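Notes to accompany the following structure.
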Amino acid sequence: MKRFIVISLLAFMALPMFACIWVDTHNWYLFRVCDGETFSERVNKITRDNWKAYLGLPADKYFWFQADEVMEAANAKNDVLMASYVKHLEVYVDVCNDISGDQWDYPTKEELDERNRTITNIRLYASSKLKTRLRSQHALLFMRCNMLLGRHEENIKFWEETASQFIESVYKEMMKNIYAGALYHTGHYAESGTIFAEQSDWNSLMTQYYQLRSCEAITREYNRDPNAAVLPFLLQDFVNNAQEALDANHDEGGGKLFIRDIKETEAKEMIALCGRAVANNETKNPALWQTAKAWLEYLYGDKQKAATDIAAALKMDGADQLNDVPRSINFYIQCATQPLNKEYDDFVAQELEWMGGFVDENGDKKFYRDIDRTIDQVLKPRYMAAGRQIQCLALMSAYDYSGFSFALDSLGVENAIKYVAYVDTPSDTNLDRLIKSQVTVEKDAMNDYIGTKYMHEGKWEEAAKWVEKVPVSFYAETSYEPYAVLRKWTVEPWIKRQWLSDAQVWGDQKPTLTFNPKLAIAKEMMAKEAGLNVLKGNLRLQRCYDLAVRYAQLDVTGDCWFLANESKTRALDWIYEDHFELEYLGKKAVSLLKEAAKSKDFHLRERALFALAYCYLNSDKWHSHEWDEASSSYRWISNPASQQYAAFAALVDFERQNEGQISTFVSNCDEYRQFIKQYK
């Protein structure tokens with residue numbers, strides 16, 4: 001059975017729909033005064049527990065409501081009433097799913113008529129069971145049917161005269177929510193908004209107040225009742241939209257699309273309204289308005305006033321009702337405005353320790369997002385600018401900051417070594433002690449990371465010192481284990497690419513790693529480079545070519561890229577079509593190939609010239625594609641100024657000078673054959 005059930009028709013009201021993708025963001029909302037469990041989360045959890053108890057199933061065996069499963073259990077218990085109820089509920093849910101599909105497929109008049117007849121019959125059934133032991137369930141079904149049929153006045157009367165007298169239960173709470181929806185549909189907006197707010201039904205509140213979220217509209221609501229239950233929600237929405245707009249202007253997006261672009265003039269009007277609410281003692285929760293005022297002041301540039309006002313909010317009535325939001329925002333603002341000294345560090349340590357102590361039953365950290373935003377926008381830039389990069393790295397790691405890896409990379413391998421040393425040394429400041437108590441360095445992973453960074457720079461001796469500390473078992477657990485076993489860095493990538501089958505990567509042919517691949521290549525490169533300068537003539541040039549093969553394989557575009565690179569983007573699959581910048585390993589391969597191409601040995605020189613034309617060793621291509629309208633096809637446009645064009649030209653000239661000796665790996669190359677057609 002499908003799980004979709006209409007609780008409130010407001011869920012179907014038209015709101016903008018956006019296509020979203022996930023992008024990492026630090027743009028978290030700090031003003032979350034309506035946080036916590038929502039109405040839908042609460043009722044779904046309770047009803048799920050009720051069905052689980054009825055079925056007698058443990059938590060790990062019950063997943064979601066299925067009518068067939070419940071009816072089978074009801075029949076086994078000879079519970080005729082329950083079986084009948086669930087049968088009709090199933091039909092109601094099917095209609096709900098049809099309604100949900102209307103946004104994609106418009107129903108016919110006949111379909112709408114049949115739908116109404118079905119709901120009318122279920123309504124009549126439910127009304128006949130209002131004096132049974134399942135009267136709350138049937139009353140809820142009755143009101144749901146009235147809701148779909150648009151009988152809102154009847155739902156209001158039924159709730160006020162009958163359902164409101166029922167015992168407290170999740171079914172009564174859902175009926176009250178439908179009653180609120182009926183009030184909304186009959187123009188009783190203040191009453192419906194109050195109920196939605198009291199029930200934490202933020203979705204319905206957003207629908208009701210979607211067009212009423214300006215400072216002007218909020219002022220009208222405030223003037224009607226300074227303690228209206230909807231005001232915290234409306235105030236939160238305004239403040240967070242203001243933050244969102246400013247973050248978007250500073251390229252701090254991340255998948256969230258703000259609905260209203262709050263301008264500075266309107267924000268300052270809201271600051272004035274907040275000040276009025278506090279000054280005139282018109283609200284029972286002055287801390288709410290003072291906190292909003294301070295955060296808006298900070299966002300719009302009055303940072304010192306914000307620091308004073310948020311400190312005052314902590315002492316006002318209502319602060320303890322705001323789920324610690326004033327203290328969290330105070331942490332952000334004070335971190336941004338106070339001078340960087342010992343007292344500053346002690347304050348950071350004190351507040352981080354307090355915020356880190358809130359963990360829910362699922363192990364989730366309540367203030368993770370607040371800490372993340374404060375680190376990203378305040379602590380990281382301030383500590384980095386003060387030359388405290390290593391401590392800042394540890395702070396980011398301690399609080400799972402998503403930009404830690406990027407920061408570690410950007411600071412270079414030497415600072416990574418300092419970071420490891422910092423974490424392992426004793427400390428005498430409160431901040432250092434707190435940070436180090438939260439950080440655990442995975443020794444094998446960090447040794448591999450540092451060694452890999454040195455390999456990326458071609459510093460084989462330094463790399464070997466670090467990767468030799470890493471056990472084979474570490475590499476045997478990596479995702480690239482089969483590649484490390486089966487791919488060889490001695491294979492020329494411009495002649496053969498080392499593709500592996502699914503069976504070799506995932507299936508019964510997957511091999512087991514029995515050696516340390518990074519240590520092996522580091523030692524081999526050390527040995528080959530050490531002997532390079534003592535070799536003469538063609539032996540030296542052959543060694544240059546052999547080293548070039550290895551450098552090209554270790555480059556991020558090579559088959560053995562994982563030995564000298566931490567990661568690889570899928571964009572490289574299309575790199576042939578784009579310009580890119582060669583890194584050290586690729587540049588080194590090109591330099592060695594140019595040396596090898598001086599050889600008088602035909603086969604070595606041919607291989608070296610062919611390799612120099614290899615697409616992944618050229619930052620710009622010898623041609624581009626352009627759509628030709630006349631022929632309705634792409635045509636190739638030569639680029640004689642490119643490095644690859646010059647490499648192919650040298651190869652063609654060489655082959656023409658040695659007519660009849662061309663190797664098959666050259667003559668079979670599609671790019672080579674295409675170049676000949678364009679080359680004059």
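Keep in mind the model is a prediction, meaning the values are calculated, not measured.
Counting only residues at least two apart or in different chains, salt bridge (Lys or Arg N to Asp or Glu O under 4.0 Å) contacts with residues 158-170 comprise Glu168-Lys172.
Around the NZ atom of Lys268, the shell of radius 6.0 Å holds no more than 12 heavy atoms that belong to other residues, nucleotides or ligands. Atom CD of Glu353 sits in a sparse spot, with 12 or fewer heavy atoms from other residues, nucleotides or ligands closer than 6.0 Å. Remark: Arg42 CZ is packed, more than 12 non-hydrogen atoms of other residues, nucleotides or ligands lying under 6.0 Å away. Gln338 CD: more than 12 foreign heavy atoms inside a 6.0 Å radius.
Asp400 contributes atom CG, which lies 9.5 Å from atom CD1 of Ile371 (distance to the nearest 0.5 angstrom). For the atom pair Arg224 CZ and Arg220 CZ, the distance stands at 11.5 Å (nearest 0.5 Å). Note that OG1 of Thr374 and CG of Leu395 are 10.5 Å apart. Values are rounded to the nearest 0.5 Å.
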Residue pair Asn27, Arg373: steps toward the side chain to side chain donor-acceptor pair (under 3.5 Å) verdict:
CA-CA 7 Å; Asn27 176 19; Arg373 183 180 177 104; 3.2 Å; yes
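Aromatic rings of Trp202 and Phe233 (six-membered ring for Trp) have centroids within the 6.0 Å cut-off, being under it. Taking the six-membered ring for Trp and the full ring otherwise, Trp354 and Phe331 have centroids separated by 6.0 Å or more. When ring centroids are compared, Tyr184 and His152 stay outside the 6.0 Å threshold.
Across all non-hydrogen atoms, the minimal contact from Val278 to Met316 is CG1-CE, 3.7 Å. Between Leu89 and Arg144 the shortest heavy-atom distance is CD1-NH1, 3.9 Å. Nearest heavy-atom pair, Ile262 versus Tyr300, reported as atom, atom and distance to 0.1 Å: O-OH, 3.5 Å.
The cationic group of Lys77 lies under 6.0 Å from the six-membered ring centre of Tyr54 and within 45° of the ring axis, placing it in a cation-pi geometry. With Trp64 as the aromatic partner, Arg48 does not meet the cation-pi criteria of under 6.0 angstrom to the ring centre and within 45 degrees of the ring axis. The cationic group of Arg135 lies under 6.0 Å from the six-membered ring centre of Phe166 and within 45° of the ring axis, placing it in a cation-pi geometry.
Between Asp372 and Lys380, none of the side-chain N atoms (NZ, or NE/NH1/NH2) sits under 4.0 Å from a carboxylate O, so this pair counts as no salt bridge.
For Asn155 and Tyr179, the side-chain atoms include no donor-acceptor pair closer than 3.5 Å. In summary, the side chains of Tyr125 and Ser84 do present a donor paired with an acceptor at a separation below 3.5 Å, with no hydrogens or angles considered. Side chain to side chain, Asn285 and Asp317 fail the donor-acceptor criterion of an N or O pair below 3.5 Å. Residues Ser192 and Gln208 bring a donor and an acceptor atom of their side chains to less than 3.5 Å of each other. Gln350 and Asn430 form no side-chain donor-acceptor contact under 3.5 Å, judged by distance and modelled atom types alone.
Judged as a side chain to side chain donor-acceptor pair (under 3.5 Å), and not counting sequence neighbours, the contacts of Glu154 are Arg123, Arg151. Listed by chain and residue number, Thr219, Tyr222, Asn223, Leu273, Asn280, Glu282 satisfy the side chain to side chain contact (heavy atoms under 4.5 Å, CB included) test with Arg276 (two or more places apart in sequence, or in another chain).
Paired with Gln243 under the rule side chain to side chain donor-acceptor pair (under 3.5 Å), one option of Tyr298, Trp295, Trp28 passes, and it is Trp295.
Within the 3.5 Å criterion, the main-chain N or O of Asn44 finds a donor-acceptor partner in the side chain of Thr47.
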